[in-house]
Amino acid sequence: MVDDKADFSILAGKDLGFSDISGNRDDGLDNLIQSTLYRSCKAVRHLATPCDPDLRTVVGNIAGDITADLEARLLMAAPFKGHAYNTRSKGLVNKPRDAVPANEPLDAYARDILKWAKKQSAMYLGADDIAPLFESFMLFVAHHIKDHSRRHGAAEVLKPEDCRLILPVAKKGMRVERTDIDSADSDNSTDFYTPGYVDPTDFFSVECGMFPLSSSVEKQAVPAPHLVFADAEMVGHPDDYAEAELRLATKTKALFFNQHNRRFAWGLAVSNCTIHAYVFGPDDIWASTAMDIYSVKGRRTFISLLVSWSLCAIDRLGFDPSIRYVVDRCVGGPYLEIDVHELDRSTGKVEPLTYYSQRCLGATDRLAGCHARYFAASASPESMDKPAFLIKDMWMTSNSSSAGDAHESSFLNVLHAEFDKSSEFKGSFVRLVSTGPVYISRGNTVVADSTATGFTGLPRATQDAAKAGGNAQGSSRSKVQRSSNRQVRQHRRTVAMWAGNMISEADNQSQVVVAVADAMAALNAAYEKCKILHGNISDRAIFLQQTADRIRGVLAEFDYACYAGESSDEDKVPELMLFQSIRSLEDPKAVRTFLDDLESLLYLVCWLGTFGVNKAQRAAYAARHTAGLEPRRPIMAWNQGTAADIAGRKRDHLATFAAFDSNILFYMRENSPLRPLAEDMYMALFLHPGCYGVTLLTDNSIARIEDGNIRAALHAVPVINRTRDPLALRHAFLAAIIAKLLEVLARHRDAALAALSAGRAGKDSAMATLPSAGPSMKHYRDEVPVAGPSKRPRY
């Protein structure tokens, strides 16, 4: 148990994830819950049960003792002989009343629990009424855990240093009139975090924290982020239960973002007398059977769960024991110890090599998926201010739970063998030091951590069902879970040589221009020399390396790479659809091409140019948007909805230059270096005359282009031409498009370097008047009347 007084907030994920930057309610979580939630899973509670059989016996004995004591105190607290709660339970031996010692705290907790257990009153309890009763139940169990550890800990397999108290730490909520439900505008994307927004539910939240046994048994102040264990959502009406699940998913998403040692997460949803426990895994969400506080069986089941949480190993709580929070004031405050496991094949033993980090470059910003995290690390705590390594922790999909997958390293080995002898591209690709699975202790042995070994007994989606998003609540999901073709994710950790900060943590936009240009050159070299396609261009795939004499971009993230001409592997499809090309969104199994990578590069430039190139700029925009001072950007729609939805929006936004200008360029600063870069990249990718220019054209527009009248076609009303889609036609002009993009990016790179060397990068003045080579869209707009950008662009 780490120090609960230490301030670990410096290690929490402070940046806004791409799915959160809009400040809007995440409607994608609704779809996620509907497609991945398994209900009434009996094995959920067993996930918290200790692996050691002797310790399991201790847990059962303690839970039985607590239940017997609670029932005796409830009988004593009952206001009349015919108590209004259910005491019938098979196998439960009730204590005589005179055998219960007087204890004022326990008696007070029991009186509160009685209010909750009485069926007549529970039917009328609101969420804010249930919350203190829920807290009293937790405190009752925690009081017994602490007392039992003090009296029996040394004589049992129970080790006090491995135990903890699960205590309530905070609560918040609101009660509003339910008549507001019908007045909500279902067609409008409601701002979930906007001040003044009234959530049409009666809800309350209680955060559950884990504390040392030495802590006092009482409601605690809000702890450091690493001590928050789970969220509990209360609702006052059964009709609001779906809303409670959505809020629970939202809070759990934040938990993954702030806790870098999270493997999976627990949660609780409470409606009147009924409690459900939830487990949020990388791919699926599981809900337990109901625990009814009205019945003795339900109370005992919930007590067993709380006792298991208090006594089980830390990995059963969803934490990763190979990433530890440490306090050492001698090295400048708290930091992380990160173990990278290496398997000695001669002895079969796993030997951990420990790295040290005080900075998380990228926290996971998604509730489901690979949960990738990136750390700046060093080989000793004293050198953490000068990181030498980049550590990536993630859950990658695989066809089995074996630990032999080395997909990324195989491609990087090919690239280094080709380019290490080249002075131009040497150092353009991240260099791996080691890669392998994360191992978890299971009794006297260790196993490679995966969804197959970590969620034993719980149903899992098949690969096809997980991508199709079938109904998790109906009978169809029951058939799915019996399939042998189950999706498996391996928990893997990669160590690479330090390559600088991510492109999304640049000091200014000129640095981003340089990094993007270098990435384009490296992508082209990998394609021409090795026929390797990257497949996952994003803000985490390009790093900005700065030395005393140069600045350059470095390519990383080859987990989804493939060779040209190969169709996409279902297990190797990037989860962040924001930067995916239109073709890969419309047909994930389509043959991958180099144009997909180039298109993703354009989307990255557009996104960073819209919201900012570092945390401070993105946080400033989010604050202004939340306050109603910034309009909603149409580009946000690139990260919401299904793959087909996003592909359609991208087609609309890139259909003509007028659409691209009004939906994308209009929201980028007029004098920013990324705006003219995005414009020129768009022209090279989507306005090539040989393939009829833009993405969507009418037959008349195509005729105009064939007649040479491109200016009249630039602003044509777009419709899908299914027989002559330019996205397919432009492959015949790939060489010309690549040459144009290389020329454009080289020109912008030179101007950015000039601005950096002259010290003007802060204002980006050198890029504001950068001329475009050849015919420019600015010239077309001077000659062709173009309507100004609308105040409400369509998307």
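Keep in mind that the numbers below use all heavy atoms, side chains included, and drop hydrogens, waters and symmetry copies. Computed from a prediction, not measured in an experiment: that's the story for all the values here.
With hydrogens and angles left out, the side-chain atoms of D645 and T642 include a donor and acceptor closer than 3.5 Å. Judged by distance alone, the side chains of E630 and Y667 never bring a donor and an acceptor atom under 3.5 Å apart. Counted by atom type alone, E599 and Y603 present one or more donor-acceptor pairs between their side chains at under 3.5 Å. A donor atom on one side chain and an acceptor atom on the other are not found under 3.5 Å apart for R649 and N639.
Q617 places a side-chain N or O within donor-acceptor distance of the main-chain N or O of V613, the cut-off being under 3.5 Å. A side-chain donor-acceptor contact under 3.5 Å links D596 to the backbone of T593. Put simply, the side chain of N614 gets close to the backbone of A506: a donor and an acceptor are under 3.5 Å apart. In this structure a side-chain-to-backbone donor-acceptor pair under 3.5 Å is missing from S584 to Q580. Of the possible donor and acceptor atoms, none in the side chain of E418 sits under 3.5 Å from a partner among the backbone N and O of V414. The closest donor-acceptor contact from the side chain of N413 to the backbone of S409 lies under 3.5 Å. A donor-acceptor contact shorter than 3.5 Å links the side chain of N663 to the backbone of A659. The backbone N or O of V340 sits nowhere less than 3.5 Å from a side-chain atom of R493 that would complete a donor-acceptor pair. The backbone N or O of K615 lies less than 3.5 Å from a partner atom in the side chain of E505, making a donor-acceptor pair. Put simply, the side chain of Y682 gets close to the backbone of L654: a donor and an acceptor are under 3.5 Å apart.
Ion pairing between K392 and E408 holds under the 4.0 Å rule for side-chain N and carboxylate O. Using a 4.0 Å cut-off between charged side-chain N and carboxylate O, K650 and E586 make no salt bridge. Taking the charged nitrogens against the carboxylate oxygens, D518 and R552 have no contact shorter than 4.0 Å, which rules out a salt bridge.
Between T364 and R540, the shortest heavy-atom contact is N-NH2, 4.4 Å. The minimum heavy-atom distance between A684 and I737, with the atom names listed, is O-CG2, 3.6 Å. A pairwise comparison of heavy atoms in R618 and L608 identifies NH1-CD2, 4.4 Å as the closest pair. The shortest heavy-atom contact between L745 and V516 is CD2-CG1, 4.0 Å. In this structure, A496 and V430 approach most closely via the heavy-atom pair CB-CG2, 3.5 Å. The two residues W498 and A376 come nearest to each other via the heavy atoms CZ3-CB, 3.5 Å.
M384 has its side chain out of reach of S357: every pair of non-hydrogen atoms, C-beta onward, lies at least 4.5 Å apart. V433 places none of its side-chain heavy atoms less than 4.5 Å from the side chain of T494. A 4.5 Å side-chain heavy-atom check between F594 and I532 finds every atom pair outside the cut-off. Contact annotation: the side chain of L753 approaches that of R749 to within less than 4.5 Å [non-hydrogen atoms, C-beta and beyond]. F579 has its side chain out of reach of N536: every pair of non-hydrogen atoms, C-beta onward, lies at least 4.5 Å apart. By the 4.5 Å heavy-atom criterion applied to side chains, F686 and L602 are counted as neighbours. Looking only at side-chain heavy atoms (C-beta outward), I391 and Y355 come within less than 4.5 Å of each other. You'll find the side chain of V495 stays beyond 4.5 Å of the side chain of T435, heavy atoms only.
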Chi angles and distances behind the side chain to side chain contact (heavy atoms under 4.5 Å, CB included) call for M394, Y374: CA-CA 9 Å; M394 66 189 306; Y374 304 79; 5.6 Å; no
Candidate pair L412 and F429, rule side chain to side chain contact (heavy atoms under 4.5 Å, CB included), full reasoning: CA-CA 7 Å; L412 286 172; F429 307 94; 4.3 Å; yes
Criterion side chain to side chain contact (heavy atoms under 4.5 Å, CB included) on I664 and W638, from CA distance to verdict: CA-CA 11 Å; I664 306 301; W638 292 6; 3.7 Å; yes
Full working for side chain to side chain contact (heavy atoms under 4.5 Å, CB included) between D597 and Y527: CA-CA 10 Å; D597 285 345; Y527 173 68; over 6 Å; no
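From R431, atom CZ reaches atom CG of L415 across 11.0 Å, with rounding to the nearest 0.5 Å. Annotation: the span from M668 atom CE to R633 atom CZ amounts to 11.0 Å, rounded to 0.5 Å. To the nearest 0.5 angstrom, Q546 atom CD is 4.0 Å from I551 atom CD1. Within the model, atoms NE2 of H534 and CG of L598 stand 12.5 Å from one another, a figure rounded to the nearest 0.5 Å. The distance from the CD1 atom of I635 to the CZ atom of F611 is 6.0 Å, given to the nearest 0.5 Å. Distance CG/L741 to CE/M520: 5.0 Å, rounded to 0.5 Å.
A cation-pi arrangement, defined by a distance under 6.0 Å to the six-membered ring centre and an angle within 45 degrees of its axis, is absent between K421 and F419.
Checked against the 6.0 Å centroid criterion, the rings of H653 and F660 do not qualify as a close aromatic pair. Close placement of the Y563 and F411 rings is indicated, their centers lying within 6.0 Å of each other.
For F375, the ring-ring contact (aromatic ring centres under 6.0 Å, His included) test picks out H260, with sequence neighbours left out. In this structure T610 satisfies the side chain to side chain donor-acceptor pair (under 3.5 Å) test with no other residue, sequence neighbours excluded.
When F256, F257, W395 are each tested for a ring pair (Phe, Tyr, Trp, His ring centres under 6.0 Å) with H371, only one passes: F256. When R675, H748, K740 are each tested for a side chain to side chain donor-acceptor pair (under 3.5 Å) with D680, only one passes: H748.
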